[in-house]
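For reference, the structure discussed in these notes is given below.
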Amino acid sequence: MGDKFPIFVLIGMATKNLVIVESPAKARTIERFLGNDFLVKSSFGHVMDLSESDIGVDIENGFIPQYKVAKDKKNVVADLKKIASEAETIWLATDEDREGEAISWHLVNALELDEQAVKRIVFHEITKTAITEAISAPRSIDRNLVNAQTARRVLDRLVGYELSPLLWKKVKPALSAGRVQSVAVRLIVEREDEIKNFETTSSYRVTAKFFPEGKEDAVVSAELPKRFQTKEEAKSFLEKCTGAEFRVSAIEKKPAKKSPAPPFTTSTLQQEASRKLGFPVAYTMRIAQQLYESGYITYMRTDSVNLSNMALSMAKETITKNWGADYVKTRKYRTSAKGAQEAHEAIRPTFINNETIESDKPAMKLYELIWKRTIASQMADARLEKTNVTIDISGQQEKFMAKGEVVTFDGFLKVYIEGSDERKDENGNGLMLPPLTNGDQLFSKSIMATQRFTQHPLRYTEASLVKKMEELGIGRPSTYAPTISTIQKREYVKKNDRPALEREYARLTLAGGQISEKTETEKVGGDKGKLIPTDLGTVVNSFLMQYFKDIIDYNFTADVEKEFDRIANGQKVWNEMLENFYGPFHDKIKDTQETSKKFSGEKLLGQDPKTGKNVYVKIGKYGPMVQLGDTSTEEKPRFAGLNKDQSINDITLEDALALFSFPKPLGDYEGKEIIVALGKFGPYVKHNNAFFALEKTDDPSGITRERAIELIEAKREEEKNRIIREFEENKDVRVLRGRYGPYISIGKKNFKIPKGTDPESLTLEDCIKISEDPKNEPKKRRSKKS
DNA sequence: CAGTGAGCGAGCTTCCGCTTGACTT
């Protein structure tokens, strides 16, 4: 068809059938399955939402939501509206869950469709059969389900938009609270409390290495089930072992099996990618999106472990081909997650016979992980033989135990083993045992009593937090990653490292008839990239715990979900449910607003020995700070912000007082005063209106004039080295070495140097010329908003 | 890029869930 008759072509091609789905990638796939009479378009998710600038709900008149076409969906809606007006039949094929039903309903409204004429269809997997079946069984929009979504949406809005302003007033501006994020923060704060309050105790664990008579190379690793509380007890046990006889008194063999983990959901994919590949959850999702859009995997935001029949048979075929029929075990998994809506399949390769794909490295790795997990989920159980050997000690009650484990059939273990969040188990004793018979005498190589300490619960990683959230039923596959970003953006929690501390422990060894004692050191408590609450997070959590415990109750979401289900079933009226919730909630908001004081987490640290004034630490308008003196007195108190590595929790009076000593003069240099001060970006030295940041290892309180001069000179030297070209005629124009390579600086503007140009040989004229080419203009930074 | 914090008040901030780009570094 030529360009001659564009209008004719448009009318002539007007589609009979318009199908609307949520995702454009899905639209492309489905279009292939349907004939020429079908045009498949995407809504790009929700098209309508409440306004952002106000509450957007008519609370007085039955909580009616004031929906508007979302700003970034104006074009989508206009486009769809045009096509819809030309189509004979509209098929709404959004996901089969609460949100999907609402999207369909919003489409009816936004596109001004006839609700009676519209055909609502659903499918859980994207296969030709599933889609043809769906087309043959259309239904109408389920208004109960839509109402359940409305209740969900309005409840979240009311909670978020009434709690947040209360925080602005009582704690600090621009904070936020919500049904999901506030619970996520609570989990992290409470975990940190558990760690802080954890009392470490130690006991002595006894392990031994034996060998059977005449087989000195064979090792039987055994452990005493009992632990000794004191070193004396442990020692006396070892003494009794000196010269004792060891004999096998029982051998118990029992078969065991291990089963594979179910296929990936969003949450388990995030966990495994974190454990095995070290990906943060947002990164995992970005790579997964890339794989999905390239057609390599199914949809990546899902809470379902279900696989389509087509996938099951593809898996079976692949496993048979690679390892034989013995390795096949077709399994149908059921979702156990709270509140799962299962609108999609599990995350799996689109073509399971493709073991690898060609892409960039992270995508290939993630694909491989998905492939292995999917394949393993359809493989046979691993069979093991576990052996427990009891070893008697002559003249003693205690018995050693040796545990052996032998894989008799590897099954799914050939492909994949699920990772774990737990600490590595140090009881690696005896995976393989030499052949033994009852009554065999054993000889000890060594018996060791090692002091072991109880360990505090582990801090959350992004992924283990997602796991916990899923268990509690808070958040959805599409929101896990964004929620984790939000609580970090609000500075409620930070991904931080905690340095490991050295700890001494005792070890008693019995070998060659002698007991020796040694003190060893181990590193403990170190943590990398774990989620740690900030002072702000801790204080906001205390506020919410004090006044809104029911909202951040771990069961709140699960409870309201039950109500939403009843609305979806038509057993409950949606706005009555909201009325019941909102009445008491809003009263509590009003009451707290009026009666509670500022909530700053204020703590009295003590008195300044020089002035006798009180020293406080608390959250201020700009974050954690210390205060010297009282606000009630005539003389204004002094304030100072905490350093980045200090916390309200554990700052000492001494540290607090040191903060008031800034800005501090250090003497003169080149006739100008040097001062050291604490700034927004950390401690710095100021001299002649220039700033010199302190290094990490510098203690701001202990900085001397000499050290300050060193810093000044070092920076001057560095500055000098940055200059590639300078021009006498025009001091404004310079060629500099930057973080990303050489560039031209003119006044305050920077310009790129075109490829292939040697920066060393640029003349002033060259520079001016380059700066005039719009190609080399500095790129405008996108505004932070949106 | 480099001081602020009480209180007064203007005007700003904020939720969860569904989707993909724009934009850099």
Side-chain angles (χ1 to χ4, degrees), chain A residues 21-27 42-50 52-57 70 72-73 76 94-95 97-103 106 149 152-169 172-182 286 289 292-293 299 301 341 343 474-480 482-483 486 490 551 557 598 600 616 618-633 636-641 662-663 675 677-686 689-693 739-740 779-786:
Chain A
V21 296
E22 289 176 36
S23 141
K26 197 169 169 180
S42 156
S43 77
F44 294 83
H46 272 296
V47 292
M48 297 186 105
D49 197 12
L50 308 173
E52 287 200 334
S53 52
D54 55 35
I55 193 98
V57 177
D72 54 337
K73 298 297 162 56
V76 176
T94 51
D95 295 348
D97 58 16
R98 211 160 59 198
E99 299 297 327
E101 203 69 16
I103 293 175
H106 293 161
Q149 194 274 345
R152 199 283 301 156
R153 179 70 189 91
V154 171
L155 178 109
D156 282 337
R157 172 51 69 92
L158 294 173
V159 170
Y161 271 45
E162 295 212 350
L163 270 183
S164 302
L166 191 62
L167 290 178
W168 306 342
K169 203 169 164 213
K172 188 176 153 327
L175 296 179
S176 66
R179 176 177 57 83
V180 173
Q181 58 168 284
S182 298
R286 204 163 71 224
Q289 176 94 30
Y292 167 67
E293 284 174 7
Y299 198 58
R301 287 185 278 263
Q341 311 203 353
I474 63 165
R476 303 275 314 128
S478 67
T479 60
Y480 294 137
T483 301
T486 301
R490 299 270 175 276
I551 300 292
T557 291
K598 269 247 173 193
S600 63
Y616 302 93
K618 60 178 172 180
I619 295 278
K621 208 157 109 190
Y622 308 102
M625 61 167 187
V626 286
Q627 178 185 323
L628 178 64
D630 285 84
T631 45
S632 53
T633 57
K636 270 200 214 161
R638 283 189 65 198
F639 301 99
F662 300 100
I675 57 157
L678 305 177
K680 204 168 155 188
F681 311 103
Y684 63 94
V685 165
K686 195 175 173 188
N689 278 326
F691 297 91
F692 308 89
R739 214 158 35 122
Y740 309 105
K779 289 243 166 73
K780 262 201 210 122
R781 279 220 171 172
R782 209 163 50 109
S783 68
K784 267 193 181 171
K785 181 114 178 150
S786 120

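Lettering of chains follows the sequences in order, A, B, ..., and the numbering in each one begins at 1.
Under 3.5 Å, the side chain of A/R152 and the base of B/dC16 form at least one donor-acceptor pair of N or O atoms.
Spacing between atom CG of A/D630 and atom P of B/dG7 amounts to 13 Å, rounded to whole angstrom units. Counting to the nearest Å, the C1' atom of B/dG7 and the NZ atom of A/K169 are 13 Å from each other. Rounded to whole angstrom, the span from the NZ atom of A/K172 across to the C1' atom of B/dT14 amounts to 14 Å. Atom-to-atom, OH of A/Y622 to P of B/dG5 comes out at 6 Å; the value is rounded to the nearest Å. Distance A/H106 NE2 to B/dG17 P: 15 Å, rounded to the nearest Å. Atom CD in A/E52 sits roughly 13 Å away from atom C1' in B/dG17 (whole-Å rounding). Atom P of nucleotide B/dC1 and atom OH of A/Y684 are separated by 14 Å, given to the nearest angstrom. Here B/dT14 presents its C1' atom at 15 Å from CG of A/L155, a figure rounded to the nearest Å.
Using a 4.0 Å heavy-atom distance criterion, A/R179 is classed as a sugar-phosphate-only contact. Residue A/F692 is classed as having no contact, given no heavy-atom separation below 4.0 Å to the nucleic acid. Contact annotation for A/V159: no contact, since no heavy-atom pair falls under 4.0 Å across all strands. In this structure, A/T486 reaches the sugar-phosphate backbone alone: every heavy-atom distance under 4.0 Å involves primed, P, OP1 or OP2 atoms, never a base. As judged by a 4.0 angstrom heavy-atom cut-off over every strand, A/L175 is placed among residues touching the sugar-phosphate backbone only. Within 4.0 Å of A/G641, counting heavy atoms only, lies at least one base atom of the nucleic acid. Residue A/T479 is classed as a base contact, given a heavy-atom separation below 4.0 Å to a base. A/A102 comes within contact range of no nucleotide atom at all, as no heavy-atom separation falls under 4.0 Å. Among the protein residues, A/D49 comes within range of the nucleic acid bases, having at least one heavy atom under 4.0 Å from a base atom. Contacts of A/G56 with the nucleic acid, taken as non-hydrogen atoms under 4.0 Å apart, are absent. Note on A/Q289: only backbone sugar-phosphate atoms sit closer than 4.0 angstrom, heavy atoms only; bases stay farther off. The residue A/K636 sits close to a base: some heavy atom pair falls under 4.0 Å. Within the 4.0 angstrom heavy-atom criterion, base atoms lie near A/R157. Residue A/G178 is classed as a sugar-phosphate contact, given heavy-atom separations below 4.0 Å to backbone atoms only.
In this structure, the side chain of A/R638 does not engage the main chain of A/G629 through any donor-acceptor pair within 3.5 Å. Within the 3.5 Å criterion, the main-chain N or O of A/S53 finds no donor-acceptor partner in the side chain of A/Y161.
In terms of phosphate contacts, A/Q627 brings no side-chain nitrogen or oxygen within less than 4.0 Å of OP1 or OP2 of B/dG5. At B/dT19, one or more side-chain N or O atoms of A/R301 fall inside 4.0 Å of OP1 or OP2 (strictly under the cut-off). Remark: A/S43 is not in phosphate contact with B/dC18, judged by side-chain N or O atoms under 4.0 Å from OP1 or OP2. Considering only side-chain N and O atoms, A/S164 lies nowhere under 4.0 angstrom from the phosphate OP1 or OP2 of B/dC15. Of the side-chain N and O atoms in A/Q181, one or more sit less than 4.0 angstrom from OP1 or OP2 of B/dC15. Regarding contacts with the backbone of B/dC15, a side-chain N or O of A/R490 is found under 4.0 angstrom from either OP1 or OP2.
The nucleotide whose nearest atom lies closest to any side-chain atom of A/E293 is, among B/dG17, B/dC15, B/dT20, B/dT20. Taking every side-chain heavy atom of A/D95 into account, B/dC18 is the closest of B/dT20, B/dC18, B/dG5. In the set B/dC18, B/dC16, B/dT20, the nucleotide with an atom closest to the side chain of A/P24 is B/dT20. Candidate nucleotides B/dC15, B/dA2, B/dT19 were compared by shortest atom distance to the side chain of A/A693, and B/dA2 ranks first. Between B/dG17, B/dT14, B/dA6, one nucleotide has an atom nearer to the side chain of A/T631 than all others, and that is B/dA6. In the set B/dT13, B/dG5, B/dC18, B/dT13 carries the atom at the smallest distance from any side-chain atom of A/W168.
Using a 4.5 Å heavy-atom cutoff, the side chains of A/H106 and A/D49 are not in contact. Between A/K73 and A/F44 there is a side-chain heavy-atom pair separated by less than 4.5 Å.
Remark: A/F639 pairs with A/M625, A/Q627, A/P637 by the side chain to side chain contact (heavy atoms under 4.5 Å, CB included) rule, at least two apart or across chains.
Ring-to-base geometry does not place A/F44 in a stacked arrangement with B/dC18 (centre distance under 5.5 Å, plane angle under 30° required). Remark: ring of A/Y161 stacked against base of B/dT14; centroid gap under 5.5 Å, plane tilt under 30°.
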Is there a side-chain hydrogen bond (donor to acceptor under 3.5 Å, both in side chains) between A/S600 and A/Y616 once you walk through the steps?
CA-CA 11 Å; A/S600 63; A/Y616 302 93; over 6 Å; no
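Comparing A/D54 and A/G475 by the nucleotide of DNA chain B that holds the closest heavy atom to each, the one mapping nearer the 5' end is A/D54.
Looking at A/D95 and A/R301, no side-chain N of the basic residue comes within less than 4.0 Å of a carboxylate O on the acidic one, giving no salt bridge.
One distance of note links NE2 of A/H46 with CG of A/D72; it measures 12.5 Å at 0.5 Å rounding.
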